[in-house]
Participant: 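One structure, pasted below without further comment.
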Amino acid sequence: MQTQTPKYNSLYDYVKSDEKNKELFDIKEQFDEALWRTHLEKLNKRGEVPRGRDQEFYRKRLDELRPLADESALLSFLNYKGLPKFCDFDCDGTVRKDYLKQGYYSWFPREIYRTLWNWKDLCRVADVEFKYMTIRQFAGSCYAHDVQMGPDTMNSFWITFSAYLIANHGDTYRWNNFKNTVFFKEGENGKQRDRADRIKALIAEDANYIRSGKIKEFAKYTHTVGNLVLVPAGYNGYRGTQPCIKDYFDLSLGNLAYGWGGNHYLGEGGASVKYNFIKYINTFFLWDYVDKNYEVIPLCESHARQMEMQRKTGKLAAHGVLPAQEEIDDLCSNINVRIEKRSHFMIAMLKIAMGINADGKDVALGCTYDGKYREEWADWKVSGVYKKIMEEVFLSNHIYAGGYGEVIKLIREKTDGNEDEEFVGSILNSWCS
């Protein structure tokens, strides 16, 4: 059976490709099975394979789960969730501890963070090939040099899919940290892996087991560039285990905006909390998640009630966080449209940052920037005009009440008369169309 290899050898190849709908490219297609197998063989020879499993156990498991890039986005997601924990392939680039080898994990999304937001996760070069650089789990970015951040998937498919199963197929799939073990067996990656297998078996038995088209569309969108973001160090795990948030991005943003419980993840507390939140929204292109006053927009009615309760009490409160059955399609639709729009915008910004025009040609823009000098930007290998846009548009506490439209207008104004005006304009025109 053919070994799965990454579809793109570099972020540059991805951004300049002329593939249709590449904004919705599924990052699971970047899984480098051959590299993982090589890594496994080295560890096996040193006797470092975990839990006493031999090399053949992991080989067999990968064979069972292939291919990740299934024609069904839902089955592809379940295959991904069923990967051995030891594999450590994560579509948003998360790693488990500091100083890991990037090539054995998800270099593709991490390169997106480095390019768009000057994420400083690279520690040292161990090889001329960038995939083999040593990395940090958390690092500073252009948002703030001293605020450590790490990768995250903004809108978690797993929790909403769980809510769908609970609502439509009873309490076999209660959330409760997967403690109902009726259908589970022990093993590498334990209950989550076997739960994914069980659901796949049920889908195979009944083609209509998952009836929601919006859920299936969400499965397709969840591991695309528009659903990737950097969050404060430790917040990824916190929001996933916090019963008042349950990994939902609107509730996560509400917590960041107000610092419920006195935790100010985005920087200092006090009067700067609102400033930090505005800057976070602008830096990471999150305008569709807030209204014209930068109040977080709830993704469903249950979340609206949850956020209203928290505003009144000033505390996180676990009450009806999971969407009701009748809300799930609307929730997924609200998420899907936001992911798709942000994906298109991020590709446009990657083109400006990398000097790739609307036709996919390299225009060889310089990396110099004659604006405000930032020492931490000296080795940021993006175009000077992108640094200008970052400095004067994104790293701002200005409230863009008009969302993407107002942002695009300001970018045009900031590059008007600039030598790169025509290039930037063509990218923006292509995005708007």
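One is the number of the first residue; the rest follow in order along the sequence. Worth saying up front: this structure is predicted, and the values here are computed from it rather than measured.
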Participant: What closest approach, in Å, do H398 and N282 show between heavy atoms, and which atom pair accounts for it?
Facilitator: O-ND2, 2.9 Å

Participant: When the ring centroid of F108 is compared with that of Y14, is the distance short of 6.0 Å?
Facilitator: yes

Participant: Give every donor-acceptor pair under 3.5 Å between a side-chain atom in residues 351-359 and any protein atom, sequence neighbours left out.
Facilitator:
{"residue": "N357", "atom": "OD1", "partner": "D359", "partner atom": "N", "Å": "2.9"}
{"residue": "N357", "atom": "OD1", "partner": "G360", "partner atom": "N", "Å": "3.1"}
{"residue": "N357", "atom": "OD1", "partner": "K361", "partner atom": "N", "Å": "2.9"}

Participant: Taking the six-membered ring of W158, is NZ or CZ of K81 closer than 6.0 Å to its centre and within 45° of its axis?
Facilitator: yes

Participant: Answer yes or no: is there a side-chain heavy-atom contact under 4.5 Å between N276 and V147?
Facilitator: no

Participant: With a sphere of 6.0 Å drawn around CD of E295, does it hold more than 12 non-hydrogen atoms of other residues, nucleotides or ligands?
Facilitator: yes

Participant: Is there a side-chain contact (heavy atoms from CB on, under 4.5 Å) between F394 and V407 once you walk through the steps?
Facilitator: CA-CA 8 Å; F394 301 142; V407 170; 3.8 Å; yes

Participant: In terms of relative ring orientation, are Y143 and F284 parallel, tilted or perpendicular, with 30° and 60° separating the classes?
Facilitator: tilted

Participant: Determine, for K220 against E217, whether the closest basic-nitrogen to carboxylate-oxygen distance falls under 4.0 angstrom.
Facilitator: no

Participant: Locate the shortest heavy-atom distance separating Q148 from G140; write the atom from each residue and the value.
Facilitator: NE2-N, 3.5 Å

Participant: Which heavy-atom pair separates N293 from D291 by the least distance, and what is that distance?
Facilitator: N-OD1, 2.9 Å

Participant: Can you name the closest pair of heavy atoms from M154 and L286 and give their distance?
Facilitator: CE-CD2, 3.6 Å

Participant: Please determine whether the number of non-hydrogen atoms from other residues, nucleotides or ligands lying under 6.0 Å from atom NE2 of H344 exceeds 12.
Facilitator: yes

Participant: Could you tell me whether K216 atom NZ has more than 12 heavy atoms of other residues or ligands within 6.0 Å of it?
Facilitator: yes

Participant: So which atom in C91 and which in P109 form the shortest heavy-atom distance, rounded to 0.1 Å?
Facilitator: O-CG, 3.2 Å

Participant: Mind running side-chain hydrogen bond (donor to acceptor under 3.5 Å, both in side chains) on N397 and Y294 for me, showing each step along the way?
Facilitator: CA-CA 11 Å; N397 65 342; Y294 276 44; over 6 Å; no

Participant: Can you tell if the side chain of N334 reaches within under 4.5 Å of the side chain of R338, non-hydrogen atoms only?
Facilitator: yes

Participant: With F157, which of Y221, F218, F249 fulfils ring-ring contact (aromatic ring centres under 6.0 Å, His included)?
Facilitator: F218

Participant: Begin from the C-alpha positions of Y265 and N255 and carry the test side-chain hydrogen bond (donor to acceptor under 3.5 Å, both in side chains) through to its verdict.
Facilitator: CA-CA 9 Å; Y265 292 94; N255 189 38; 5.1 Å; no

Participant: Would you check, one step at a time, whether the test side-chain hydrogen bond (donor to acceptor under 3.5 Å, both in side chains) holds for D420 with Y386?
Facilitator: CA-CA 10 Å; D420 301 313; Y386 184 73; over 6 Å; no

Participant: Do L116 and L350 come within less than 4.5 Å of each other through their side chains, counting heavy atoms only?
Facilitator: yes

Participant: For a 4.5 angstrom cut-off between non-hydrogen side-chain atoms, does K200 reach N79?
Facilitator: yes

Participant: Rounded to the nearest 0.5 Å, what separates atom CG in L266 from atom NZ in K279?
Facilitator: 10.0 Å

Participant: Take atom CG of D18 as the centre, draw a 6.0 Å sphere, and report whether it contains more than 12 heavy atoms from other residues, nucleotides or ligands.
Facilitator: no

Participant: I need the single residue from W117, Y404, Y280 that forms a ring-ring contact (aromatic ring centres under 6.0 Å, His included) with F285. Which is it?
Facilitator: W117

Participant: Just to verify, what does E19 make a side-chain contact (heavy atoms from CB on, under 4.5 Å) with, not counting sequence neighbours?
Facilitator: K7, Y8, S17, K22

Participant: For F77 and Y80, take the angle between the two ring planes, folded into 0 to 90°, and tell me which bin it lands in: parallel under 30, tilted 30 to 60, perpendicular over 60.
Facilitator: tilted

Participant: Hey, are the side chains of Q306 and Y248 touching, using non-hydrogen atoms and a 4.5 Å cut-off?
Facilitator: no

Participant: Roughly how far, to the nearest 0.5 Å, is the OG atom of S396 from the CD atom of E391?
Facilitator: 10.0 Å

Participant: Can D152 and R239 be counted as an ion pair, charged N to O under 4.0 angstrom?
Facilitator: yes

Participant: Closest approach of I112 and V225, non-hydrogen atoms and distance?
Facilitator: CD1-CG1, 3.5 Å

Participant: Sort out for me which residue in I281, V393, V290 forms a side-chain contact (heavy atoms from CB on, under 4.5 Å) with Y400.
Facilitator: V393

Participant: For D250, check side-chain hydrogen bond (donor to acceptor under 3.5 Å, both in side chains) against everything at least two apart and list the hits.
Facilitator: H303

Participant: Hey, could you give me the OG/CG distance between S141 and D121, rounded to the nearest 0.5 Å?
Facilitator: 11.0 Å

